[in-house]
Amino acid sequence: IVRDIIDHYDGEIKFKVIVHDKNKGLSGARNTGLAAAKGDYVMFVDSDDILAPNCIESLIKPLSQKQYDMVVGDFGVFGGEDVFLHLRTGECEFLENEPIAVAVKKHRLYSTAWGKIYNSSFLKRNEISFCEGIMHEDELFSSELYCVINSVYCIPDICYHYRVRTDSIMTSIKFERRQLSCEIILDEMYSFLKKNNLDRNPTCNDLLYRLFSFANEISWRHSPEEYNKTYSKYRKLVNRYYGERFFANNRFRSFVRDSHFLFPSRIGRFILNEERTIRTNFR
């Protein structure tokens, strides 16, 4: 379909189609595109979603004033009944890392890779790419991104339409594969923080904790029994420096939130579940 459209296209835009010898999955396709990209900015689009007619025009408009690391647009959802968190910032700019991370924690910025454009040199300079062979790769990609990004512009225009399908990969995937992916994500995030000397950074520790909560949320939604099993496993992956995390955060609310790490797993998972219930009801 793509080749047929290109063959009948008459204009100045140059297209390049890159074909893998074998299917490398979504992350592999994105990484190949990022490595081959020549432009100042890149955008990731899922094959079953739809771009708004003015998507690119809206996203590049702020770049006439400043070269942001990322420009974020709002998005719409169609094809299902699930409720998604949309962009909650309104039109604004962030010019420091900490307020960006705070916006992520408060669910004012979403963590999917689509619906945004990224400065190519920023991604390559910080060696941010997609972990191949896992599910929920956007969560890891965005968490690493939000650890180092320093400038973001948000626009209220709906630029992207996300399609929900009951037979999609995400809805049919087995829990065991999701669980393994979460283990890899937590391990990769921990390695990223250590590699970049960010393991004592309070903001980045909060982003790691966010992934920890995300992994446990998946287990809880599957079944309370699986949550009881995976809590201990996930905790070990982020528990390697929990003492450092307490001293790094130096904030009472963070200390209370992380206190479940100090108790045996059977007690810790109960405390975390209570915290999760309060957080969910508050939203």
Side-chain angles (χ1 to χ4, degrees), residues 26-27 29-30 33-34 37 39-120 122-123 128 130 136-166 168-171 203 206-207 210-211 213-214 217 279-280 282-283:
L26 176 61
S27 293
R30 288 172 170 175
L34 179 60
D40 295 331
Y41 283 80
V42 295
M43 183 179 190
F44 303 108
V45 182
D46 286 2
S47 58
D48 53 355
D49 297 338
I50 297 175
L51 295 181
N54 63 337
C55 173
I56 306 297
E57 179 182 4
S58 297
L59 289 173
I60 67 172
K61 187 176 181 180
L63 300 177
S64 61
Q65 304 296 325
K66 186 179 300 182
Q67 298 299 296
Y68 295 95
D69 293 335
M70 180 173 72
V71 180
V72 183
D74 203 350
F75 68 94
V77 180
F78 67 103
E81 298 180 355
D82 291 340
V83 177
F84 291 83
L85 293 172
H86 293 207
L87 184 66
R88 292 181 168 183
T89 62
E91 184 163 5
C92 67
E93 68 173 3
F94 297 95
L95 299 177
E96 294 181 359
N97 177 259
E98 185 171 355
I100 296 173
V102 170
V104 174
K105 290 189 296 180
K106 292 184 176 180
H107 306 283
R108 298 178 64 211
L109 285 171
Y110 55 91
S111 59
T112 59
W114 43 254
K116 309 163 183 174
I117 60 173
Y118 307 86
N119 186 297
S120 302
F122 163 76
L123 293 181
I128 298 176
F130 294 89
H136 310 296
E137 61 281 330
D138 284 10
E139 294 293 333
L140 175 60
F141 171 83
S142 296
S143 296
E144 293 180 352
L145 175 84
Y146 288 132
C147 278
V148 295
I149 198 167
N150 289 306
S151 62
V152 175
Y153 196 93
C154 302
I155 61 173
D157 303 16
I158 293 182
C159 299
Y160 196 93
H161 297 277
Y162 174 72
R163 185 194 306 269
V164 177
R165 297 193 308 173
T166 56
S168 69
I169 294 175
M170 292 304 299
T171 53
T203 299
D206 284 343
L207 290 170
R210 178 174 167 271
L211 288 177
S213 298
F214 170 79
E217 184 76 20
R279 186 179 68 252
T280 302
F282 178 75
R283 285 186 201 168

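Keep in mind that this is a model prediction, so the values were computed, not measured.
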Query - Any donor-acceptor pair under 3.5 Å from Thr89 side chain to Arg108 backbone - result: no
Report task. Report the distance from atom CG of Leu87 to atom CD1 of Ile155, rounding to the nearest 0.5 Å. Result -> 9.0 Å
Query - Passing candidate, ring pair (Phe, Tyr, Trp, His ring centres under 6.0 Å) with Trp114, options Phe44, Phe141, Tyr160 - result: Tyr160
Report task. Return the set of residues passing salt bridge (Lys or Arg N to Asp or Glu O under 4.0 Å) with Asp138 (not counting sequence neighbours), or none when no residue passes. Result -> Arg30
Query - Nearest heavy atoms of Tyr118 and Met70, plus distance in Å - result: CE2-SD, 3.4 Å
Query raised in the report: For Glu96, does the CD atom have more than 12 heavy-atom neighbours from other residues, nucleotides or ligands under 6.0 Å away?
Result: no
Query - Distance under 6.0 Å and angle within 45° of ring axis: Lys116 vs Tyr110 - result: yes
Requested in this report: Search all heavy atoms of Leu51 against all heavy atoms of Val45 and return the closest pair with its distance.
Outcome: CD2-CG2, 4.2 Å
**Report entry** Glu93 side, atom CD; Ile100 side, atom CD1 - distance, nearest 0.5 Å
**Finding:** 10.0 Å
**Report entry** Check: Asn119 side chain, Phe122 main-chain N or O, donor-acceptor pair, under 3.5 Å
**Finding:** yes
Requested in this report: Ignoring hydrogens and angles, tell me if any N or O in the side chain of Tyr41 forms a donor-acceptor pair with the backbone of Leu63 under 3.5 Å.
Outcome: no
Report task. Nearest 0.5 Å please: distance from the CG atom of Asn97 over to the SG atom of Cys147. Result -> 7.5 Å
**Report entry** Where Ile128 and Leu34 come nearest, the two heavy atoms and their spacing
**Finding:** O-CD2, 3.8 Å
Report summary line: Heavy-atom nearest pair, Pro99 first then Phe94, reads O-CE2, 3.9 Å
Requested in this report: Can you measure from OG (Ser120) to CG (Asp40) and round to the nearest 0.5 angstrom?
Outcome: 7.0 Å
Report summary line: Sequence neighbours excluded, the answer for salt bridge (Lys or Arg N to Asp or Glu O under 4.0 Å) partners of Glu139 is Arg210
Report task. Examine distances only and state if a side-chain atom of Tyr162 and a backbone atom of Asp46 form a donor-acceptor pair shorter than 3.5 Å. Result -> no
Query raised in the report: If we only count heavy atoms from C-beta on, is the Val102 to Thr203 side-chain gap below 4.5 Å?
Result: no
**Report entry** Pairwise side-chain contact, Asn150 with Asp69, heavy-atom cut-off 4.5 Å (strictly under)
**Finding:** yes
Query raised in the report: Does any non-hydrogen side-chain atom of Leu95 lie less than 4.5 Å from one of Tyr68?
Result: yes
Report summary line: Output for pair (Ile117 CD1, Leu59 CG), nearest 0.5 Å, gives 5.0 Å
Query raised in the report: Is there a donor-acceptor contact under 3.5 Å from the side chain of Asp49 to the main chain of Arg163?
Result: yes
Report task. Measure the spacing between CG of Asp74 and CZ of Arg88 and express it to the nearest 0.5 Å. Result -> 11.0 Å
Report summary line: Tightest non-hydrogen contact, residues Asp157 and Ser58, listed as OD2-OG, 3.3 Å
Query raised in the report: With side chains defined as the heavy atoms from C-beta onward, is the minimum distance between Gln65 and Tyr153 less than 4.5 Å?
Result: no
